[in-house]
K.L.:
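Mind looking over this structure? Questions follow.
Hydrogens, waters and symmetry mates are skipped; everything else that's a heavy atom, side chains included, is used.
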Amino acid sequence: MKDNFAKGIATCLTLAMILGNLPEVSSVMAETGTPATEAVTPDTSSGSAVNTDTPTTTPTVTPTETATVTPTATPTVTPTVTPDMSAYRLPATTLKARGGASRVRLSWSKASGAEGYYIYARTAADAAYTLMATVKDAAATEYTKTSLVNGTTYYYRIAAYRTVNGVVVEGDLSTAVSATPVSVSATSKTAKKYSTKAKFKASPAYKTYKKTKAAMNYNKSFAIPGMKTTNAGGFACTTMVPQGMCLAGSYFLISAYDYKKEDSSVIYVVSRASKSYITTIVLPSKAKVGGLAFDGTNVWVSKGKAVASFPYSVVTDAVNAGTSYTVLNSYRNVCALDSTASYMGYYNGVLWIGSFSQSTSTMKGYKLNNTQTLPSLVPAYTMSVPSKTQGVTFSSDGTMILTRSYRTKKAKSGYISQIRTYRPSFAQANGSGKVLKNTALKKMKLPPMSEGVAIYGTYTYVLFSSSYYKSCKYPVDRVLALKTNKLIE
């Protein structure tokens with residue numbers, strides 16, 4: 001009876017499938033041949049895709065024959081091998097850190113072959129170092145982190161990186177260094193050694209160099225700023241050495257470089273009228289900046305075997321800003337030279353540039369083009385100048401004044417410190433552009449280490465670097481205003 005009933009049910013199901021009254025039933029077989037639960041694909045063409053009817057009886061289908069299932073072969077997986085890149089790791093570089101006003105400057109030795117650097121940082125409160133910055137410039141050797149908290153100590157490590165076969169390989173980490181940001185005082189305005197007129201007049205230089213004393217006007221002279229301390233972009237520098245000087249509009253400009261090569265070179269801006277320090281322009285290099293000149297539109301500074309310029313508006317903007325310093329991020333342009341630019345002067349559309357030499361040398365004159373847009377130099381003239389020339393300036397009538405100096409002591413070989421006045425024959429330059437400087441109108445001894453020189457009105461202003469050197473027995477910590485007629489007669 002049961003068999004007949006089962007056969008009847010099977011026959012009904014088969015007939016239903018044929019007539020299309022029931023969805024197709026697929027029987028999935030297990031490897032044992034026992035039928036699995038029926039899998040029914042719901043019809044979603046209309047209404048709900050879910051069948052809410054609960055069947056009271058689950059029919060069992062008895063197969064007429066047992067299906068044989070052949071197991072599928074297990075695929076072979078080739079493991080991914082990560083190449084060993086340790087051989088390409090760059091060695092650790094040497095890292096230094098220096099604290100400034102709410103900032104820290106990091107400097108490191110360049111890693112050969114590096115594409116850039118990863119900088120890691122932490123404080124004492126941090127459990128581990130975290131990536132602070134990625135420096136992508138392979139030539140970079142400095143990075144300054146700002147917006148830090150004064151008085152908090154920060155720790156740093158650095159690693160060079162490079163790409164090998166498409167894989168970025170990080171080098172070994174440097175030894176950890178630390179720095180603590182601190183407040184930085186303003187650039188000093190007062191003289192470094194002789195704080196009063198009486199003390200200066202009692203100085204060895206004033207008492208010893210009689211002709212300098214006779215030619216100078218103390219009230220027109222002024223203290224060299226920054227010699228006690230300079231706020232060089234938020235870092236305190238006590239090792240600035242003054243070098244070049246020029247008159248630019250309403251201001252005297254004085255260049256200086258850091259003797260230790262830690263801080264950027266600077267230009268001190270001094271009022272032409274009051275002879276008082278106003279502000280500092282921080283330059284985008286650590287060059288010696290021995291040369292400084294103004295062409296009426298642009299300020300020119302020496303930069304090794306090149307000279308660079310920036311518009312005069314940088315000076316006026318720095319003054320109007322009323323801040324301790326202004327950072328010049330880049331020059332307007334840089335012009336390469338075939339020799340080192342040690343000193344510069346400007347006269348009548350020509351920028352005169354010379355190299356310091358132990359013997360007679362040649363100063364070159366370059367005509368200036370495109371001063372309003374992108375200045376360029378065109379070689380045009382040459383002039384023979386005496387050995388050990390350090391500074392040059394020109395008056396409105398073409399009178400040329402040179403400073404010459406070398407060594408801090410008279411006892412040292414080659415010592416000299418002198419100022420000379422000439423009237424070159426500019427109009428009679430020959431076909432090759434050679435200008436004769438002619439015979440010196442006058443020569444006068446100066447205290448040691450005379451540097452830049454500038455003319456304003458009836459005075460010639462001379463800058464000295466001697467206050468920095470402890471070996472100098474006759475230091476001068478002021479720009480001396482000398483009567484120009486005393487240098488000619």
K.L.:
Indicate yes or no for a side-chain donor-acceptor contact from Ser188 to the backbone of Pro225 under 3.5 Å, with no hydrogens or angles considered.
P.N.:
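The answer is no, because no donor-acceptor pair under 3.5 Å joins these two groups.
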
K.L.:
Is there a side-chain contact (heavy atoms from CB on, under 4.5 Å) between Asp126 and Thr130? Walk through the geometry before answering.
P.N.:
CA-CA 9 Å; Asp126 298 326; Thr130 57; over 6 Å; no

K.L.:
Are Val299 and Val314 side-chain neighbours, meaning at least one heavy-atom pair lies under 4.5 Å?
P.N.:
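Not in contact.
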
K.L.:
Give the ring-plane orientation class for Tyr331 versus Phe310, where under 30° counts as parallel, over 60° as perpendicular and anything between as tilted.
P.N.:
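Parallel, since the angle between the ring planes stays under 30°.
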
K.L.:
Any non-hydrogen side-chain atom of Pro386 less than 4.5 Å from a side-chain atom of Lys437?
P.N.:
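Contact flag for Pro386/Lys437 side chains = yes.
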
K.L.:
Quick check: Phe394 with Tyr347 (ring centres under 6.0 Å apart)?
P.N.:
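So the answer is yes for these two rings.
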
K.L.:
Could you pull out the closest heavy-atom pair between Val307 and Ser302, with the gap in Å?
P.N.:
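The pair with the smallest heavy-atom distance is CG1-CA, 4.2 Å.
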
K.L.:
I need the Lys388 NZ to Ser342 OG distance, nearest 0.5 Å.
P.N.:
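Spacing of NZ (Lys388) from OG (Ser342) equals 14.5 Å.
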
K.L.:
Rounded to the nearest 0.5 Å, what's the gap from OG on Ser309 to CG on Leu377? Could you check?
P.N.:
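Here the rounded value is 8.5 Å.
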
K.L.:
For Tyr88, I'd like to know if atom OH has over 12 heavy atoms of other residues, nucleotides or ligands within 6.0 Å.
P.N.:
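Not more than 12 within 6.0 Å, no.
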
K.L.:
Other residues, nucleotides and ligands only: do more than 12 of their heavy atoms fall within 6.0 Å of NZ on Lys286?
P.N.:
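More than 12 heavy atoms, drawn from other residues, nucleotides or ligands, come within 6.0 Å of this atom.
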
K.L.:
If you measure from CG on Leu283 to OG on Ser265, what distance do you get to the nearest 0.5 Å?
P.N.:
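Rounded to the nearest 0.5 Å, the CG-OG separation comes to 6.0 Å.
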
K.L.:
Scan side-chain atoms only and decide if Asn231 and Thr280 contain a donor-acceptor pair under the 3.5 Å cut-off.
P.N.:
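Distance-only check fails for Asn231 and Thr280.
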
K.L.:
Measuring from Met227:CE to Thr239:OG1, what's the distance to the nearest 0.5 Å?
P.N.:
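Result: 9.5 Å between the selected atoms.
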
K.L.:
Measure the acute angle between the ring planes of Trp108 and Tyr117, then classify it against the limits of 30° and 60° as parallel, tilted or perpendicular.
P.N.:
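The rings of Trp108 and Tyr117 sit tilted, inter-plane angle from 30° to 60°.
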
K.L.:
For a side-chain contact (heavy atoms from CB on, under 4.5 Å) check, start with the C-alpha distance between Met132 and Leu106, then their side-chain angles and the critical distance, and finish with the verdict.
P.N.:
CA-CA 12 Å; Met132 180 186 75; Leu106 300 172; 4.3 Å; yes

K.L.:
Pairing donors with acceptors under 3.5 angstrom, does anything connect the side chains of Thr460 and Thr484?
P.N.:
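A donor-acceptor contact under 3.5 Å links the two side chains.
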
K.L.:
Do we get Arg122 above Tyr155's six-membered ring, with its NZ or CZ under 6.0 Å from the centre and within 45° of the axis?
P.N.:
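So Arg122 does make the cation-pi contact.
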
K.L.:
Establish, from distance only, whether the side-chain atoms of Thr163 and Glu115 form a donor-acceptor pair under 3.5 Å.
P.N.:
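Thr163 vs Glu115: donor-acceptor pair found between side chains.
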
K.L.:
Aromatic rings Phe294 and Tyr312: how do their planes relate, parallel, tilted or perpendicular, breaks at 30° and 60°?
P.N.:
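Ring orientation, 0 to 90° scale: tilted.
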
K.L.:
Assess whether atom CG of Asp397 is packed by more than 12 heavy atoms of other residues, nucleotides or ligands within 6.0 Å.
P.N.:
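Yes, because the 6.0 Å sphere around CG of Asp397 holds more than 12 heavy atoms from other groups.
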
K.L.:
Would you indicate whether Lys443, at its atom NZ, is surrounded by more than 12 heavy atoms from other residues, nucleotides or ligands within a distance under 6.0 Å?
P.N.:
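Incorrect, the count does not exceed 12.
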
K.L.:
Is a side-chain donor or acceptor of Ser357 paired with a backbone partner of Ser359 at a separation under 3.5 angstrom?
P.N.:
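Here the side-chain-to-backbone pair exists.
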
K.L.:
Quick check: closest heavy atoms across Asn150 and Ser183, and the distance to 0.1 Å?
P.N.:
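Residues Asn150 and Ser183, closest heavy atoms: ND2-N, 3.7 Å.
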
K.L.:
Tell me whether the rings of Tyr120 and Tyr118 are parallel (<30°), tilted (30 to 60°) or perpendicular (>60°).
P.N.:
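If you compare the ring of Tyr120 with that of Tyr118, the planes turn out perpendicular.
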
K.L.:
Answer yes or no: is there a donor N or O on one side and an acceptor on the other, between the side chain of Arg103 and the main chain of Ala101, under 3.5 Å?
P.N.:
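Yes: the side chain of Arg103 pairs with the backbone of Ala101.
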
K.L.:
Has Arg105 got a side-chain atom pairing as donor or acceptor with Glu142's backbone, closer than 3.5 angstrom?
P.N.:
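Here the side-chain-to-backbone pair does not exist.
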
K.L.:
Determine, step by step, whether Ser107 and Thr141 satisfy the side chain to side chain donor-acceptor pair (under 3.5 Å) criterion, reporting the C-alpha distance in whole Å, the side-chain angles of both residues, the deciding distance to 0.1 Å, and the verdict.
P.N.:
CA-CA 6 Å; Ser107 59; Thr141 56; over 6 Å; no

K.L.:
State, yes or no, whether a side-chain contact exists between Tyr156 and Val104 at a heavy-atom distance under 4.5 Å.
P.N.:
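A side-chain contact exists here, since the closest heavy-atom pair is under 4.5 Å.
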
K.L.:
Ignoring hydrogens and angles, state whether a donor on the side chain of Ser465 or Gln243 is under 3.5 Å from an acceptor on the partner side chain.
P.N.:
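On atom types as modelled, these side chains do not qualify, holding no pair under 3.5 Å.
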
K.L.:
With no hydrogens and no angle check, do the side chains of Thr230 and Thr187 hold a donor and an acceptor under 3.5 Å apart?
P.N.:
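Distance-only check fails for Thr230 and Thr187.
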
K.L.:
Taking atom NZ of Lys288 as the centre, report whether more than 12 heavy atoms of other residues, nucleotides or ligands fall under 6.0 Å from it.
P.N.:
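Counting other residues, nucleotides and ligands, NZ of Lys288 stays at 12 neighbours or fewer.
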
K.L.:
Mind running side-chain contact (heavy atoms from CB on, under 4.5 Å) on Tyr129 and Leu173 for me, showing each step along the way?
P.N.:
CA-CA 11 Å; Tyr129 285 88; Leu173 282 167; over 6 Å; no

K.L.:
Does the Ser405 side chain pair with the main chain of Ser450, one donor and one acceptor, at a distance under 3.5 Å?
P.N.:
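Looks like yes, one N/O pair under 3.5 Å.
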
K.L.:
We want to know whether Ser471 and Lys409 form a side-chain donor-acceptor pair, criterion being a heavy-atom distance below 3.5 angstrom.
P.N.:
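Looking only at side-chain atoms, Lys409 and Ser471 do not form any donor-acceptor pair under 3.5 Å.
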
K.L.:
Does NZ belonging to Lys192 count more than 12 external heavy atoms closer than 6.0 Å?
P.N.:
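Correct, the count exceeds 12.
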
K.L.:
Look at the side chain of Asn370 and the backbone N and O of Ser376, then say whether any donor-acceptor pair between them is shorter than 3.5 Å.
P.N.:
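No, because the side chain of Asn370 does not come within donor-acceptor range (under 3.5 Å) of the backbone of Ser376.
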
K.L.:
Within a reach of under 6.0 Å around NZ of Lys261, are more than 12 heavy atoms found that belong to other residues, nucleotides or ligands?
P.N.:
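Enclosed.
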
K.L.:
Measuring only between side-chain heavy atoms, which start at C-beta, is Ser387 closer than 4.5 Å to Arg404?
P.N.:
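They are in side-chain contact.
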
K.L.:
Would you call the rings of Tyr259 and Tyr468 parallel, tilted or perpendicular, where under 30° means parallel and over 60° means perpendicular?
P.N.:
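The rings of Tyr259 and Tyr468 sit tilted, inter-plane angle from 30° to 60°.
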
K.L.:
With side chains defined as the heavy atoms from C-beta onward, is the minimum distance between Asn348 and Phe426 less than 4.5 Å?
P.N.:
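When only atoms from C-beta onward are counted, Phe426 and Asn348 do not touch, as no gap falls below 4.5 Å.
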
K.L.:
Mark yes or no: Arg98 above the aromatic ring of Phe235, with NZ or CZ under 6.0 Å from the six-membered ring centre and no more than 45 degrees from the axis.
P.N.:
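Because its charged atom misses either the 6.0 Å distance or the 45° angle limit, Arg98 does not stack over Phe235.
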
K.L.:
Checking Thr94 side chain against Ser109 main chain: does a donor-acceptor pair fall under 3.5 Å?
P.N.:
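No, Thr94 side chain to Ser109 backbone: no donor-acceptor pair under 3.5 Å.
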
K.L.:
With rounding to the nearest 0.5 angstrom, report the CG to CZ distance, Leu247 to Arg272.
P.N.:
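That separation rounds to 6.5 Å.
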
K.L.:
Are side-chain heavy atoms of Arg332 and Leu374 found at a separation under 4.5 Å?
P.N.:
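SC-SC contact between Arg332 and Leu374 confirmed.
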
K.L.:
Does the ring of Tyr474 carry Lys410 above it, NZ/CZ under 6.0 angstrom from centre and within 45° of its axis?
P.N.:
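Yes, Lys410 sits over the ring of Tyr474.
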
K.L.:
Do Thr93 and Ser174 meet the criterion of a side-chain donor-acceptor pair at a distance under 3.5 Å?
P.N.:
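On atom types as modelled, these side chains do not qualify, holding no pair under 3.5 Å.
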
K.L.:
Is there a side-chain contact (heavy atoms from CB on, under 4.5 Å) between Thr408 and Met449 once you walk through the steps?
P.N.:
CA-CA 6 Å; Thr408 59; Met449 307 301 289; 3.8 Å; yes

K.L.:
Give, for atom CG of Leu482 and atom NZ of Lys220, the distance between the pair rounded to the nearest 0.5 Å.
P.N.:
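Separation between the atoms: 13.5 Å.
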
K.L.:
Heavy-atom distance under 4.5 Å between the side chains of Tyr268 and Pro242, does that happen here?
P.N.:
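SC-SC contact between Tyr268 and Pro242 ruled out.
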
K.L.:
Look only at the side chain of Thr403 and the backbone of Glu451, and say whether a donor-acceptor pair between them is shorter than 3.5 Å.
P.N.:
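Checking the backbone N and O of Glu451 against the side chain of Thr403, a donor-acceptor pair under 3.5 Å is found.
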
K.L.:
Quick check: do Met400 and Val392 have side-chain heavy atoms less than 4.5 Å from each other?
P.N.:
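Side chain of Met400 against side chain of Val392, heavy atoms only: contact under 4.5 Å found.
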
